[in-house]
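Here is the structure we will look at.
Naming convention: chains lettered A, B, ... in sequence-line order (proteins, then strands); numbering from 1 in each chain.
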2 protein chains.
Amino acid sequence: MDFKMSLDDHLCFAIYSAHHAIVRMYRPLLDPMGVTYPQYLVLLALWEQDGRRVRELGADLFLDSNTLTPLLKRMQAVGLVARRRNPEDERSVLIFLTEKGKALKAQAEGMSPCVAEAMGDDMQELAELRDRLHRLRARLDGVTQKG
Amino acid sequence: MDFKMSLDDHLCFAIYSAHHAIVRMYRPLLDPMGVTYPQYLVLLALWEQDGRRVRELGADLFLDSNTLTPLLKRMQAVGLVARRRNPEDERSVLIFLTEKGKALKAQAEGMSPCVAEAMGDDMQELAELRDRLHRLRARLDGVTQKG
DNA sequence: TGCGATTTAATCGTGCGCGATTGATATGAG
DNA sequence: CTCATATCAATCGCGCACGATTAAATCGCA
């Protein structure tokens, strides 16, 4: 049985290829905003809660400072965020949205119809897919931690 | 409603984070084999059908030569594949598994129990998740093409 | 109080993805 | 047969991811 497992039979490849398809779909929507897809995810996290530490942002996004620091510096360079040392604890760095970064939220909400059209209109199906993936991720995280 | 959409509410982020969790889960299994996760996907495609052109491999993996050429050269450098110009059409390059590349298949099949344990034992659920993702990817590819 | 252990961000090197371009080979219309 | 067009792999530049390491600040305990 394992001996006949093709690429398409693998769940891992379904996730891999769906991920890249998502990024390709978002690119033309995000390009006019001047942000990449990972940067858009950072913005989503900051629109939800501003002024977080890099560590907290990383916990939400499942990313470490080796990825986030250069990414946030690029966002700072184009004026989307400000990085300030935390006066309460000089080890940590706080990330704040600039006015430009805040303003992008409205523009991003304008993408919704395009995203909805691309993803499909079956909200039930999409929400269920999302929840199944979150459960799988949580399970994998748990196993990887212990293993 | 859109104004309260958190990171976790987004299907795109569920896919993004599940993808990275999958890669993290596979890493300790693939490291001893000396291959990366994308290289493992290439091997899956080649174990299924050997001696393909770069273009065909790319069609299966949804990757272009700008990604595949350097990746295949790295696999050639460690002796997993051979790259030969196609005598029938000198524009194309054929990719062949070496004996070492073929031998890795048995070792990869040994990962199955670990993967199964990490992913969970509900094969029905996992197969359904896989099929839903393939349908989403197909839909996104269609929309992106036309758009 | 002093000092080792811990926490935090930053840095470095490597390997993807991919938009854009290049160069070589094949194809096809006239 | 010729030359424009198409196809194919390769190349280049940039931005992630991430393992490993470093440096600074804080914490905790003797």
| field | Rounded distance (Å) that lies between atom P of dG15(D) and atom CZ of Arg27(A) | value | 12 Å
| task | Can you sort out which residues in residues 30-52 of chain B have a heavy atom within less than 4.0 Å of DNA chain C? Ascending by number, please. | result | Thr36(B), Pro38(B), Gln39(B)
| message | Tell me the interatomic distance from Asn86(B), atom CG, to dA24(C), atom P, rounded to whole angstroms. | response | 19 Å
| field | Pairwise distance CG(Leu80(B)) to CG(Leu97(B)) - rounded to 0.5 angstrom | value | 8.5 Å
| field | Closest approach of Ala118(B) to Leu140(A) (non-hydrogen atoms, all atoms of both residues) | value | O-CD2, 3.7 Å
| query | Would you call Arg137(B) and Asp141(B) a salt bridge, using N to O less than 4.0 angstrom? | reply | yes
| Counterpart residues, ring pair (Phe, Tyr, Trp, His ring centres under 6.0 Å), relative to Tyr26(B) (two or more places apart) | Tyr37(B), Tyr40(B)
| said: Taking the side chain as everything from C-beta on, heavy atoms only, tell me whether Arg53(B) gets closer than 4.5 Å to Ile95(B). | reply: no
| request: Mind calculating the distance between CG (Asp141(A)) and C1' (dC18(D)) to the nearest angstrom? | output: 15 Å
| Atom CE in Met75(B), atom OG1 in Thr98(B): separation rounded to 0.5 Å? | 8.5 Å
| message | Using 0.5 Å steps for rounding, measure from the CG atom of Leu72(A) to the CG atom of Leu46(A). | response | 7.5 Å
| Gln39(B): which of Leu71(B), Val81(B), Leu44(B) passes side chain to side chain contact (heavy atoms under 4.5 Å, CB included) | Leu71(B)
| request: To the nearest Å, give me how far apart CZ (Arg84(B)) and C1' (dC8(D)) are. | output: 19 Å
| Quick one: on DNA chain C, does Glu90(B) or Tyr16(A) contact a more 5' nucleotide (nearest heavy atom)? | Tyr16(A)
| field | Cationic N near anionic O, under 4.0 Å, Arg130(B) to Asp8(A) | value | no
| field | Rounded interatomic separation in angstrom, taking CZ from Arg74(B) and C1' from dG13(C) | value | 13 Å
| request: Between protein and nucleotides 3-11 of chain C, map the contacts as a letter string: B base, S sugar-phosphate only, - none, heavy atoms under 4.0 Å, written 5' to 3'. | output: ----BSBBB
| message | Rounded to whole Å, please give me the gap between CE in Met75(A) and C1' in dC16(D). | response | 13 Å
| field | Integer-rounded Å distance: dG15(C) C1' and Leu80(B) CG | value | 15 Å
| query | In whole angstroms, how far is the P atom of dC18(C) from the CG atom of Leu71(B)? | reply | 12 Å
| task | Tell me which of His19(A) and Glu88(A) sits closer to the 5' end of DNA chain D, going by the nucleotide each one is nearest to. | result | His19(A)
